[in-house]
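Accompanying notes for the structure given below.
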Amino acid sequence: MTFQAFFTLLYAVSMGGGGWAGWRFARSLPSLLGGVVVGGLALVGSLLMFNGNETGRGMALLGAVLAALFFGWRISQGVLRRQSFGRAGGILFLSLLEVAVLLFTGSATP
């Protein structure tokens, strides 16, 4: 088991759980879909990494970069409109941390 695969699994659970929570408490379909897509890419990626398949790293990286771009844009909109952006900032931080783990912590193979 590698650190990348384990961290990506935690990221997948966080993003999927966050999407579900957005649906459950705010009836936000975009939150649900985003959580399913990004969390799903991370989940499949982590399972592939646990099995030693380097493709999983690319899948997880794709989802994390998409999330980072989206939430970076949401933060910029919040700054321009002088609105709160705490939740978006937290998700951006977690997504950037996932990108850093995938890029800078070595190979995904066990």
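Below, all heavy atoms of this structure are taken into account, side chains as well, without hydrogens, waters or symmetry copies.
Under the 4.5 Å side-chain heavy-atom criterion for grouping Ile, Leu, Val, Met, Phe, Trp and Tyr, L33 is connected to V36 within one hydrophobic cluster. Residues M59 and V38 are members of separate hydrophobic clusters, defined by side-chain heavy-atom contacts under 4.5 angstrom among Ile, Leu, Val, Met, Phe, Trp and Tyr. Grouping the Ile, Leu, Val, Met, Phe, Trp and Tyr side chains by contacts below 4.5 angstrom, directly or via other members, places W23 apart from F25. By the criterion of side-chain heavy atoms lying less than 4.5 angstrom apart, applied directly or through intervening Ile, Leu, Val, Met, Phe, Trp or Tyr residues, L66 is not grouped with L94; the two fall into different hydrophobic clusters. Cluster membership for W73 and F85, using ILVMFWY side-chain heavy atoms within less than 4.5 angstrom, is shared.
Closest heavy-atom contact between E54 and R57: OE2-NH1, 2.9 Å. For the residue pair S95 and A67, the shortest heavy atom distance occurs at OG-CB, 3.4 Å. Closest approach of A42 and Y11 over heavy atoms only: CB-CD2, 3.8 Å. For M49 against G56, the heavy-atom pair with the smallest separation is CG-C, 4.0 Å. Looking at every heavy atom in both residues, A60 comes nearest to T8 through CB-CG2, 3.6 Å.
Atom CZ of R82 is surrounded by 12 or fewer heavy atoms from other residues, nucleotides or ligands within 6.0 Å.
Going from atom CG of L80 over to atom CD1 of I75 covers 12.0 Å, rounded to the nearest 0.5 Å. In this structure, Q4 CD and L61 CG are separated by 9.5 Å, a value rounded to the nearest 0.5 Å. Between the CD atom in E98 and the CG atom in L10 there is a gap of 9.5 Å [rounded to 0.5 Å]. How far CZ of F3 is from OG1 of T105: 6.5 Å, rounded to the nearest 0.5 Å. To the nearest 0.5 angstrom, L102 atom CG is 11.0 Å from L62 atom CG.
Counting only heavy atoms from C-beta outward, the side chains of M15 and V37 never approach each other to under 4.5 Å. Contact check for F7 versus S46: no side-chain heavy atoms found under the 4.5 Å cut-off. The closest side-chain heavy-atom distance from L9 to F50 is below 4.5 Å. Within the 4.5 Å cutoff, the side chain of L29 has heavy atoms near those of the L32 side chain.
Side chain of N53 to main chain of T55: a donor-acceptor pair is present (N/O by atom type, distance under 3.5 Å, no hydrogens or angles).
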